[in-house]
S.K.: 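Please find one structure pasted underneath; my questions will follow.
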Amino acid sequence: MKKKIAVVLFSVLLVTSVFAGGAQEAASSDKTTVKMFHLKVEIKDALDEYAAQYSAATPGVTVEVETLGGGADYGGALKAKAQAGDMPDIFQIEGLGGYNVWKDYIASMEGEPWVDDTDLEFVVDGTVYGFPVAIEGYGLAYNAEILAKAGIDPSTLTTRDAYEKAFKTLEAKKAELGIDAPVAMAASLAGGMWWVAAQHNLAVYWGGGLDFTDTSVIEDALKGKMDEARFTEYAKYVQLLFKYADQNILLNGSYDDQVGSFAQGKTAFLHQGNWVDPNMAQMGVTFKMGYAPHAFTNTPQTGLYLFAPSWYVVNAQSPRVEEAKAFLASMATTAEGHDYIVNKAGMIPAFKSVTLKPSGQLSQALMEANAKGGNYGVFFGMLPDGAGQNVFGPVYDLFAQNQNNLNQFISDMKAAIASLPTM
Amino acid sequence: MKQRSVVNILFLAPVVFTFIMIIIVPFSLGIYYSLTDWNGVSPNIHFVGFKNFSKLFNTPDFIHSFLITVGYTIINVILVNIVSFTLSLIVTSKVKFRNFYRAGFFVPYLIGGIVLGYIWQFIMNNILVSLGTTYGIEMLQSSFLSRPETVIWVMSVVNTWQFSGYIMLIYVAAIQSIPKSLMEAASVDGAGFVRNVFNILIPMMANAFTISLFLTLTNSFKQFDMNLTLTNGGPATRFMGVPVKASQLLAMNIFDTATANKMAEAQAKAVVLFVVLVVVSLIQVSNNKKKEVEM
């Protein structure tokens, strides 16, 4: 009997030691390795190259980049890493939701050299925590050639009435212009496109026509309150976009369907951001395009929507905080870093000192708008996790199916906003 | 005797250990987390009792997911078993190329659920729609996947297409194990094909039905991969006055909750799914067992 117990104990001991061994890190050497884990799969090659370049130029420091993205579950993977004791030194968050989950792991970046060079750093309670990866932004992208043929001047599209007139003209000349529908809009859960409507379009209600940093509308919403007059104006604009959209793309199109239809000249407007520039290049698009504002009221609006979609943050519990910060700072402050952001990765830099210009037409349009000012902020990152996908997404999908039922949409949205404080 | 028990333990230990580490421990942790407010990361975990569970019964999207999962399971259990039983009768008859058919019907099962979902999504959203537009068939002009009332049926059809080849094999094996003499004797006595099937075949292969019903039942209840790629939960529909996802089955509802960093709530839903699945399949198996006959 004693022997039996001894054997059991021994085997338990043996195997637990094996399990425990897995979590330990390899013995340290004199070379410091900074691990970075990010989710922008489209800049993987550029970032790998920049990390290698930086490692070669910086004695004693090696930056290792790991990429996960393209719809993969980044948050889940990061949690797995945290559980395994293999938390990266630099990782990425997409807003306040991510900050709240990971705040134990996020170091302050106060006093970094790039902080005064940008407007889009991630700030909580006055302390800087995140390095803006890029500027992204959107308006309603238009195909300048189709609009010219239809006799529409895009600079007049600053009110909802102007849009309605333009859409009607396009609808009437559909056959002549060779288009399927005026707008390529997507709102379907099925196509995985809820974010176009429930994040980017809804951001028009949160921030449109207001000061760049004015978050009053969304702050009210987080307390459960909806500005009914403002929302009704906005809802009419959504209805307009839905009515004149290609219905198959709207109801179950994928990203490729939506962007492809615009790239092939089958639609005159596209509700997407500047991240479609590489897609346009891939599909060999040659026509001129630009951005018109999401003008949802009849008071003219001219601004585009600009935001940093994500931020790099440094793991506060890592012993390599300084090395990690230095790597990020090099992106913002050195010529090589600027070259990487703009030319290699094709992003719009969030730093004012950068003078290089991106190659995509829509990115250029955003950069011009950024220089001109008068743009609107994008605040959907302040919403609780899952609000876009699980609460607002179905509301838009249902409205897309029943486009005439404006009042139902408004009351659904009111109820959805009222449920936010309990989420 | 004493030595043998040591040997037994030594041989069992790795398996028992693995079982404890990958089943018992995670399972107990799961039940524990369902009683807390854990968000998946934070080290501050508070015990909240049954709050997560009581909240579930006021959540329209969870109730909706639960009900459509039950509906989907019922449709599937019936559809898959009828189709695969029919197929098994065909491929055990004297039809030409029956081995080719057996292999052919089984192939869809070998395609992963993710790939299969995308293939059928393409068929439903692109091929059928463009056929409808080209030939002016109005019914096909909008995708079946964009209509809340048809989407569950489309999923059941796809699942049947995938799964019935597998269940068919179980039935084929059962049919082949029945002695030919029984059927021949019945034929001599004047029983036709239909009578043979209902009075000899079906009672004799009751154990195959037990297994097949169990497999289809549990598989439909836990359906996830094809759900994710084929419909992604869409389109939206109205339930209890709230817009919810029309084809979001229970597993996907749990997944969506978990990815919104509500780990504890997702865990509670998973526990509910587990309990329901255990109860339903126990009832099914014990009922079916009673109908089995011994040779």
Side-chain angles (χ1 to χ4, degrees), chain A residues 1 3-4 6-8 10-12 14-16 19 73 75-76 78-79 82-83 97-98 100-105 187-194 247-248 250-254 257 384-387 389-402 408 411-412 415-416 419 422-423, chain B residues 2-3 5-6 8-10 12-14 16-18 20-21 39-44 55 61 121-122 124-126 129-130 133 141-148 151 228-239 241-248 253 255-263:
Chain A
M1 195 58 203
K3 210 171 177 185
K4 210 188 220 171
V7 169
V8 170
F10 178 70
S11 43
V12 167
L14 199 80
V15 198
T16 39
F19 262 74
D73 180 12
L78 196 58
K79 275 173 211 160
Q83 299 276 316
N100 284 331
V101 171
W102 293 104
K103 60 184 163 203
D104 300 331
Y105 286 99
S188 72
L189 296 168
M193 298 301 283
W194 55 270
Q247 295 302 310
N248 273 326
L250 177 70
L251 291 171
N252 55 19
S254 65
D257 294 332
D385 284 336
Q389 186 176 3
N390 298 334
V391 179
F392 297 129
V395 175
Y396 279 92
D397 190 301
L398 208 57
F399 184 42
Q401 295 173 46
N402 310 289
Q408 183 72 63
S411 67
D412 279 348
S419 77
T422 59
M423 271 195 76
Chain B
K2 205 174 179 189
Q3 204 181 348
S5 68
V6 170
N8 284 352
I9 290 169
L10 266 181
L12 272 177
V16 170
F17 176 77
T18 316
I20 290 173
M21 278 324 229
N39 70 358
V41 177
S42 164
N44 307 316
K55 201 174 145 195
D61 68 292
Q121 190 189 45
F122 183 75
M124 293 288 166
N125 284 353
N126 298 56
V129 170
S130 64
T133 343
Q141 280 175 7
S142 73
S143 166
F144 286 111
L145 293 178
S146 64
R147 299 178 218 167
V151 67
L228 183 76
T229 53
L230 184 68
T231 72
N232 200 9
T237 188
R238 190 173 296 283
F239 181 74
V242 180
V244 294
K245 298 180 183 181
S247 69
Q248 187 191 45
N253 187 298
F255 174 77
D256 282 348
T257 314
T259 49
N261 288 319
K262 290 182 195 143
M263 283 294 170

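These numbers come from a predicted model, not from an experiment. Below, each value reflects all heavy atoms present in this structure, side chains not excepted, and no hydrogens, waters or symmetry copies. Each chain gets a letter, A, B and so on, in the order its sequence line appears, and its residues count up from 1.
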S.K.: Ignoring hydrogens, what is the shortest heavy-atom contact between B/Ser247 and B/Gly234? Give both atom names and the distance.
M.R.: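 Smallest heavy-atom distance, with atoms named: OG-O, 2.8 Å.
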S.K.: Does a side-chain heavy-atom distance below 4.5 Å link B/Lys245 with A/Gln389?
M.R.: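 A side-chain contact under 4.5 Å exists here.
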S.K.: Please classify the contact between A/Tyr105 and chain B as side chain, backbone, both or neither, with a heavy-atom cut-off of under 4.5 Å.
M.R.: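 The side chain, not the backbone.
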S.K.: Tell me, for B/Val244 versus chain A, whether the close heavy atoms (under 4.5 Å) come from the side chain, the backbone, both or neither.
M.R.: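 Contact with chain A: backbone only.
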S.K.: Which region of B/Gln121, side chain (C-beta onward) or backbone (N, CA, C, O), has a non-hydrogen atom less than 4.5 Å from a non-hydrogen atom of chain A, or is it both or neither?
M.R.: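 Just its side chain gets close to chain A.
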S.K.: Just so I understand: if I count every heavy-atom pair under 4.5 Å between each of B/Gly241, B/Ser142, B/Ser146 and chain A, which residue has the most?
M.R.: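 Ranked by contacts with chain A, first place is B/Ser146.
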S.K.: B/Arg147: what forms a salt bridge (charged side-chain N to carboxylate O under 4.0 Å, His left out) with it, not counting sequence neighbours?
M.R.: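 Result, salt bridge (charged side-chain N to carboxylate O under 4.0 Å, His left out) vs B/Arg147: none returned.
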S.K.: Check each atom of B/Thr259 against the heavy atoms of chain A and say whether the ones under 4.5 Å are side chain, backbone, both or neither.
M.R.: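 Contact with chain A: side chain only.
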S.K.: Residues two or more places apart in sequence or in another chain: which of them pass salt bridge (charged side-chain N to carboxylate O under 4.0 Å, His left out) with B/Lys55?
M.R.: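 By the salt bridge (charged side-chain N to carboxylate O under 4.0 Å, His left out) rule, B/Lys55 matches B/Glu265.
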S.K.: Is it the side chain or the backbone of A/Asp412 that comes within 4.5 Å of chain B heavy atoms, both, or neither?
M.R.: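 For A/Asp412, the contact with chain B is made by the side chain alone.
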S.K.: For A/Gln247, which atoms come within 4.5 Å of any heavy atom of chain B: side chain, backbone, both, or neither?
M.R.: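 No part of A/Gln247 comes within 4.5 Å of chain B.
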S.K.: Side chains of A/Asp385 and B/Asn261: any donor to acceptor distance under 3.5 Å?
M.R.: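 There is such a pair between these side chains.
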S.K.: Chain A heavy atoms under 4.5 Å from B/Ala246: which part of the residue, side chain, backbone, both or neither?
M.R.: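 No part of it gets close to chain A.
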S.K.: Which residue out of B/Asn253, B/Asn126, B/Asp61, B/Thr237 racks up the most heavy-atom pairs below 4.5 Å with chain A?
M.R.: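 Among B/Asn253, B/Asn126, B/Asp61, B/Thr237, the one with the most close pairs to chain A is B/Thr237.
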S.K.: Give a yes-or-no answer on whether the side chains of A/Asn252 and B/Ser143 include a donor-acceptor pair shorter than 3.5 Å.
M.R.: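 Yes, because at least one side-chain N or O of A/Asn252 sits under 3.5 Å from a partner of the opposite role on B/Ser143.
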S.K.: Would you say the side-chain atoms of A/Asn402 and A/Gln408 include a donor-acceptor pair closer than 3.5 Å?
M.R.: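 There is no such pair between these side chains.
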